[in-house]
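Structure, as structure tokens:
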Amino acid sequence: MKAVVCVMLKPDVLDPQGRAIQRACVTLGYDRVVDVRQGKVFEIELRTEDRATAEGLVRELCEKLLANGVIEDWRIERFAD
Amino acid sequence: MKAVVCVMLKPDVLDPQGRAIQRACVTLGYDRVVDVRQGKVFEIELRTEDRATAEGLVRELCEKLLANGVIEDWRIERFAD
Amino acid sequence: MSVRREPSVDLELAREHGLSDAEWQRILELLGRTPTFPELGIFSVMWSEHCSYKSSRIHLRTLPTQAAGQGAGPVDPGSAAVGTVLVGPGEGAGAVAIGAGLAVIFKIESHNHPSFIEPTQGAATGVGGILRDIFSMGARPIASLDSIRFGPLEDPKHRMLLRGVVRGIGGYGNSVGVATVGGETSFHECYRGNILVNAFNLGIVPQDAIFLGQAAGVGNPVVYVGSKTGRDGIHGASLLASAEFDEQTDAKRPTVQVGDPFTEKCLIEACLEAMRSGDIVGIQDMGAAGLTCSSFEMASRAGTGIEMELDRVPRRAANLTPYELLLSESQERMLLVTRQGAEQRVCEQFARWDLEAVVVGRVTEDGRMKVRWHGETVVDIPVDPVAENAPCYERPIRVPAELGERQKLDLASIEPESDPQRALETLLDAPNLASKAWIWRQYDSLVQGNTVIGPGGDAALVRVKHEDGTPTDLALAMSVDCNPRWCWLDPYQGTIAAVAESARNVACSGARPLALTNCLNFGSPEKPEIMWEFAESVRGLGEAARALGTPVISGNVSFYNETRGQAIFPTPTIVVVGLLDDVQRHAVSHWTAPGLAIVLLGETREELGGSEWLAQRRGLEVGSPPTVDLAHEHRLHGLLADGVAAGEIRTAHDVADGGLAIALAECCFSGPERIGARVTLDPALRLEALLFGESTGRVLVGTADAAALLARAAAAGIPAQRIGETGGARLQIGSRAGTAWIDGELERLAAIWSRALPRRLEEGEGAPALAEETS
Amino acid sequence: MFAVIQFPGSNDDRDMRFAMKSVLGVAAELVWHKNPELPPGTAGVLLPGGFSYGDYLRCGAMARFSPVMTAVRRFAEAGGPVLGTCNGFQVLCEAGLLPGALLRNRDLDFLCDWIHVRVEHAGAPFLSRARAGQVLRLPIKHGEGRYAIAADALAGLEAGGQVLLRYCTPAGAVDETANPNGSIGNIAGVRNAAGNVMGLMPHPEHAVEALTGGTDGLALLGSLVDAVTAAGRSR
Ligand SMILES: Nc1ncnc2c1ncn2[C@@H]1O[C@H](COP(=O)(O)OP(=O)(O)O)[C@@H](O)[C@H]1O
Ligand SMILES: [Mg+2]
């Protein structure tokens with residue numbers, strides 16, 4: 001089973017990368033792009049078929065390893081097979 | 001309207017970061033984690049309510065700016081309001 | 001006006017802001033009324049330990065801040081004598097004249113707590129902050145050092161912290177294009193709950209183009225430049241965990257900022273450009289306490305006031321309150337005062353670099369800080385009483401009860417070293433003595449093309465160029481040092497030793513020590529024992545600085561480095577900067593060729609107190625640190641400078657942690673190619689003192705003309721003896737009688753030394769990659 | 001005259017100018033990235049190292065959209081010599097002026113070190129002062145220098161003699177121990193098919209003085225000077 005996890009900077013934390021990309025978009029003429037935030041995505045392949053097990057595991061991983069709660073939020077985007 | 005876009009290294013390109021994280025998981029005792037790939041996620045806020053417009057825009061952005069076709073694949077993960 | 005929910009201001013809230021009852025009374029008297037909520041915020045940060053130095057000021061006042069013989073009056077900029085202090089403590093950083101019409105500006109600062117919470121960003125923003133202190137004075141930053149201290153590497157958390165901190169320092173420094181040319185790294189149990197991250201930067205400026213943080217000229221516009229203000233880093237969210245704030249407000253307010261080195265790089269270039277245009281009157285970075293601190297300090301220094309329209313401040317987040325805008329510590333922001341009429345031009349100049357510049361106020365003559373928010377006055381307080389007349393405490397001092405216990409060392413009871421070879425290998429493998437290449441290989445030490453000696457040497461040596469790129473013959477040497485164990489055993493002696501070591505490292509390159517900066521990392525000043533450590537340390541600092549002719553031109557105090565009542569060892573980090581007149585003539589700290597004579601300068605005594613040998617081989621951290629003979633050190637500096645200038649000294653390496661055997665080993669393998677050494681010593685002392693004792697004032701020299709050097713040493717009154725010669729692929733140390741104490745293949749020894757850190761970090765491969773990734 | 005392109009976030013721009021002007025004694029000017037044109041008399045273009053646009057998103061990804069890049073492309077298409085070092089190499093790849101891409105180092109860390117590269121093909125305009133097989137000692141300083149390219153394209157590169165530099169041991173052996181970042185085929189520097197655009201991860205501009213570490217970088221930068229001088233004479 002595969003999990004897709006996104007880790008983003010907390011909304012109030014400066015995201016210099018996202019800002020730079022948003023500016024680049026506008027420079028390129030895409031002025032409808034009002035905001036960009038850049039984060040990390042992890043595609044995690046798990047040896048389990050059980051959705052609940054997978055979810056428990058991924059949650060622990062996010063808290064322990066994948067995100068730093070001081071500046072980042074995380075979410076499980078989806079599971080796939 | 002908001003778009004969530006993921007950019008990942010092509011499957012045959014080595015992702016040392018993903019590999020390091022996978023090993024870290026195993027070291028921490030999570031040996032069910034068999035593979036990790038790390039990519040980038042972009043949350044893009046667009047000034048449009050129209051899904052088709054948004055999709056067209058985001059596709060162009062991915063091709064021109066957000067991904068480098070030589071080494072990366074991209075996908076629109078979802079749209080949200 | 002927008003609706004604000006603000007708590008009502010009273011003693012209770014003042015206490016939550018960290019103000020004492022007496023300070024609260026003082027505020028009421030000063031204002032003749034109850035402060036507004038933003039005003040309370042201002043007082044709390046301006047009078048915090050961090051901004052006001054309220055516990056340290058009376059001690060710091062005793063430090064020498066001018067070159068010996070320098071008069072009190074103003075100096076003639078442009079042609080000031082080498083060594084003249086042009087700007088002393090109090091400004092963003094200190095400045096010293098170095099010749100060629102140039103001055104060097106430097107300072108070190110701590111970023112300990114943020115780095116513990118978020119190592120990468122905490123360390124990165126520490127680098128960003130110190131850079132702004134330097135370029136805001138008109139100088140181009142050219143070299144950085146970092147001094148970092150962690151708990152034991154066996155602790156996975158500290159492996160993660162080390163990786164994160166190094167990534168943060170490198171990520172920021174590499175990206176802004178300022179070379180990180182050296183540093184210092186150590187590990188000790190005492191930092192388990194409180195790591196240290198001290199960042200140093202040095203810049204070059206024409207003597208007559210130094211800028212100060214002054215809001216001079218009534219009517220002049222005040223301009224805000226750089227990143228937008230966000231809700232980040234507003235002081236002590238913890239202090240504010242009060243009922244007036246709902247849960248969400250607090251959760252939304254990050255205490256750690258994210259650095260943006262790209263914006264900083266643009267700021268450096270844009271500010272230097274703007275300063276050369278003649279339109280800028282004063283400039284300061286928005287560091288701790290952000291907009292508040294910078295505007296108060298600028299007005300206070302100029303004896304003026306400032307009037308500000310807060311709603312003009314560029315904002316990143318919606319619904320920021322005046323309180324938040326005033327106290328936010330968002331990074332990469334500067335406050336400028338321009339000439340009247342030049343503001344438009346200045347703003348356009350910044351726009352060229354895609355930087356936002358906005359006129360937010362003007363300089364006034366009434367000596368008051370007035371801040372309006374959508375027309376409503378939210379702050380109206382007199383500048384001087386807040387900035388200058390902040391509280392100043394003479395905190396009680398008490399000698400720690402167990403000091404005698406710490407210092408007790410009965411050498412007779414210490415079992416002699418029976419296996420010196422093994423001892424050497426153990427020491428080479430000790431994280432405190434091992435090669436730090438794993439760290440500094442992650443730093444760009446070459447950018448700007450001035451690095452003559454980068455990390456890995458005693459002091460870093462950096463050639464000086466004019467702003468237009470024309471090279472000079474001058475070079476600056478710098479080294480950061482402190483042995484915290486010595487400072488814990490005896491803060492006075494330990495601090496003297498730190499100054500002496502830093503100066504000695506600088507002198508080993510051939511440079512003459514010029515001036516110093518310091519970052520005093522201590523526990524809570526409210527504990528009399530800690531305050532004693534602090535006072536003793538400052539006393540030692542002053543004495544050493546005077547004796548060595550190196551005035552203290554800038555510095556930083558970091559108190560409250562403790563967790564659950566457990567304070568760190570006193571850690572007064574010292575950076576001495578030295579000047580070399582002819583960069584072509586310098587010495588390095590490794591053997592440059594086989595067949596050179598090895599001469600030991602200085603005297604080896606039976607000093608094992610606080611040594612690495614005692615800690616590693618006997619598990620003891622006791623005794624008195626080695627004594628320092630400051631007059632000897634001073635003479636030694638002269639001898640080294642003269643010997644290098646005369647071409648007699650090719651290699652000069654300071655004998656420090658781990659003693660003579662370790663210093664010899666380092667000379668053998670820290671160069672581009674390994675060169676061995678054969679050394680014979682007189683066993684007049686205990687063997688471990690001879691090989692591993694850490695007597696100060698010693699330098700290993702490699703020379704092609706031993707006779708000339710010995711004569712020169714004798715004339716200078718420096719004990720010197722020829723102890724061996726370079727060559728071969730082994731390190732051999734033995735007695736004149738033929739006993740071989742140490743005999744090892746360089747390849748093997750070097751492998752132990754260079755693998756010590758990576759080995760430990762790989763063992764715990766795990767926690768590494770994780771959240772420390774930012775890109 | 002050499003144009004050294006200055007992007008916001010360029011770091012080694014002034015060092016490149018120093019190497020050309022103060023060490024090699026030729027005219028060199030910083031050219032701002034917003035300029036739509038190269039200055040008149042531009043005979044060679046240098047894209048320096050650094051972190052253009054912070055290297056946010058991807059190294060070089062945003063710099064390629066700078067107005068000056070249109071002029072650089074025109075200059076290259078007309079056969080003018082263009083050399084990109086480090087971030088400049090990344091920009092050239094992103095702009096499609098050179099094949100391939102540069103990825104995060106194999107060991108993940110930023111790496112600043114002196115390394116060795118072997119000259120695979122000598123000759124003008126970039127390596128006339130070197131000979132094939134010669135080993136140069138140059139510094140690298142990058143976090144994303146792992147050269148990557150699809151297998152078929154790689155075959156084309158090799159066949160066309162477009163691989164100019166490979167990481168090697170001091171003795172010139174090309175093997176994995178000498179590969180600092182995991183680049184495919186130990187590739188440190190490549191040129192385009194026409195032969196007038198080159199990119200490399202090492203920094204020749206930081207190897208121009210014995211005082212600061214060595215002079216092997218002059219083999220590259222000096223060759224470029226020769227090429228431009230020769231072109232000027234023949235014109
Ligand atoms: N954190 C660091 N960053 C950069 N360089 C470092 C760091 N730690 C140590 N170094 C470098 O490693 C070498 C050895 O450091 P150190 O043991 O403190 O030397 P010394 O004993 O001569 O003061 C020095 O050249 C120093 O600059
Ligand atoms: Mg040191």
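Since this is a predicted model, take the numbers as computed values, not measurements. A note on names: the letters A, B, ... follow the listed sequences, proteins ahead of strands, and every chain is numbered from 1.
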Using 4.0 Å as the upper bound for N to carboxylate O, is an ion pair formed by Asp354(C) and Lys34(D)?
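Looking at Lys34(D) and Asp354(C), the cut-off is met.
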Contacting moiety of [X], where chain D heavy atoms sit under 4.5 Å:
X         : answer
Ser445(C) : both
Asn450(C) : backbone
Val176(C) : backbone
Arg352(C) : both

pair [X]-[Y]: side-chain heavy atoms closer than 4.5 Å:
X         : Y         : result
Arg14(D)  : Asp468(C) : no
Ser175(C) : Asp55(D)  : no
Phe18(D)  : Lys465(C) : yes
Tyr53(D)  : Phe262(C) : yes
Asp444(C) : His206(D) : no

Please answer whether the main-chain N or O of Phe110(D) pairs with a side-chain N or O of Asn174(C) as donor and acceptor at a distance below 3.5 Å.
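Not a single qualifying donor-acceptor pair exists.
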Donor-acceptor check, side chain of Asp109(D) to backbone of Gln442(C), threshold 3.5 angstrom: yes or no?
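Not a single qualifying donor-acceptor pair exists.
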Closest non-hydrogen atom pair between Gln584(C) and Leu211(D), with its separation
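Closest approach of Gln584(C) to Leu211(D): OE1-CD1, 3.9 Å.
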Need one label for Lys21(D): side chain, backbone, both or neither, based on atoms under 4.5 Å from any heavy atom in chain C.
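For Lys21(D), there is no contact with chain C at all, as no heavy atom is under 4.5 Å.
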Glu205(D), part contacting chain C, at a heavy-atom distance under 4.5 Å
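Neither part; nothing is under 4.5 Å.
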Enter the distance from Trp114(D):CH2 to Leu446(C):CG here, rounded to the nearest 0.5 Å.
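Those atoms lie 6.5 Å apart.
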Select, from Thr212(D), Asp13(D), Leu57(D), the one with the greatest count of heavy-atom pairs under 4.5 Å involving chain C.
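If we count pairs closer than 4.5 Å to chain C, Thr212(D) comes out on top.
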